[in-house]
Amino acid sequence: MLSRLLLDRSGGHRLQVLRDAEMHRRSDVVSEAQRRHDQQVDLARLLCHARDHVPVFSRLLGADGSITPENAYEVLARLPVMDKKSIQKDPAGFVATYPMEKFSNSTGGSSGIPLNFKVDRERRIAGDASHYWANGLAGWTYGDRVAMLWGADRDVKDVSQTVRSKLRAWVDNVRWCNAFDMGPERMDGFHRQMKSFRPHIMIAYAGSAFTFARHLESRGIIPDYPLKGIITSAEVLTAEMRTCIERVFPVRVFDRYGSREFGPLAAECEAHEGLHLNEGDAVVEIESADPLNVPGRLIVTYLRNFAMPFIRYDTGDMACFLRDDVCSCGRTTRRFQRVVGRMSDTIRTASGSLVHGEYFTHIFYGVSGVEEFQFVQEEINRYRLLLVGDRGRAGQYEAEWREAIAHAVGQDAEVTIEYVDRIPALSSGKRRFTLSLLEG
Ligand SMILES: [Zn+2]
């Protein structure tokens, strides 16, 4: 414990995270009235801040008189829904003019729409705490060994390239396997590593956990890890994926929903009856006439980032609430029945390696001029990158993208980049940011 605290970031970050996570655990079991009251207080605080310091919301809320916990929900309901495109059009308008520390962050976007945004210190603490909270629902406790089958290339680079990050990964008991590079030999290597590491928890993209499970099964391997649970995230976990993963590994799957903008927003508990909402961090709305049965637009007001408030923010995903009763685990928070959202195809390259679709969203982290993208595999070694955006601004990145794509799919692959007016939706209405037209 002491060594962990010695590695703390400035300002006692980790202690604050632990305290915050503890608050989450407590608020999971308070009464509905208490939770509503706490949320109203936080919401009023955010709305007042946005009105006073964020240009877009100053315009929208300026004439709205006083904002109090009592009227906060009504004030919120009068605001229009914002989305990634509204921010792309007027990025500065959404950032607080208040002199505070602001850190840059970005996402490739769950539906192929990249976004740069700002976060403050509180968001960083809340983000880490919400991971502790969500991991806790899957049985994780502080100090447990965690295996990440993940592909946040920037994060993986951080972990492998700086001494401090290496040390932190070691102290935090975290081991990484790059989900962006999952050929059969790689997966064999990961299995050997995990056999000796014996993680309590494995955290993976739903698709990567599924790929790994199928690989082990095809080799006739019965893994004796992880010890507590497998957390899947970042994309939709289908019933088929869950069945396969739970057949191969000795533990249950705990699904989770979150995003780069908010961190974990909902997580499955040991009862596996829907995903508990992180109501301490967010006000969640589902735009549907029958939100218990018909999935609707998932709209989030995130209460913990004052550098760039996300207020009535359209996540691009759709969800349904679960019936309104208390979960058998005893937590009283509302639950999602399911989230209908991000879908990506894993790309099987000519060399046989498997590249998770998230790889291609990461290519667009931090770029400007791209409003939407889709990466399509047309034949085994032929690809098209479709872009909606400003060619003048985006063009400067093309060489970089080609290099990143070639790195994943092979130097001899043929890649064309095309600028289009819009990216066609699938018949389901949802979009895939990667699409493989190959059979199987
Ligand atoms: Zn529960």
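Note that ligands are numbered from 1 as they come in the structure, with each ligand's atoms numbered from 1 the same way.
Although no hydrogens or angles enter the test, the distance criterion places a donor-acceptor pair under 3.5 Å between the side chain of Gln377 and the main chain of Arg348.
In this structure, Phe310 has its ring center closer than 6.0 angstrom to the ring center of Phe117.
Among pairs with a residue in residues 290-314, those fulfilling salt bridge (charged side-chain N to carboxylate O under 4.0 Å, His left out) read Asp20-Arg304, Glu122-Arg304, Asp281-Arg304, Glu285-Arg312, Glu287-Arg297, Arg297-Asp314, at least two apart in sequence or across chains.
Less than 2.8 Å away from the Zn ion (ligand 1), the protein contributes these N/O/S atoms: Cys269 SG, His276 NE2, Cys327 SG, Cys329 SG.
A donor-acceptor contact closer than 3.5 angstrom links the side chains of Asp128 and His13. Counted by atom type alone, Glu261 and Tyr313 present one or more donor-acceptor pairs between their side chains at under 3.5 Å.
Note on Asp325 versus Arg335: salt bridge recorded, some NZ/NE/NH1/NH2 to OD/OE distance being below 4.0 Å.
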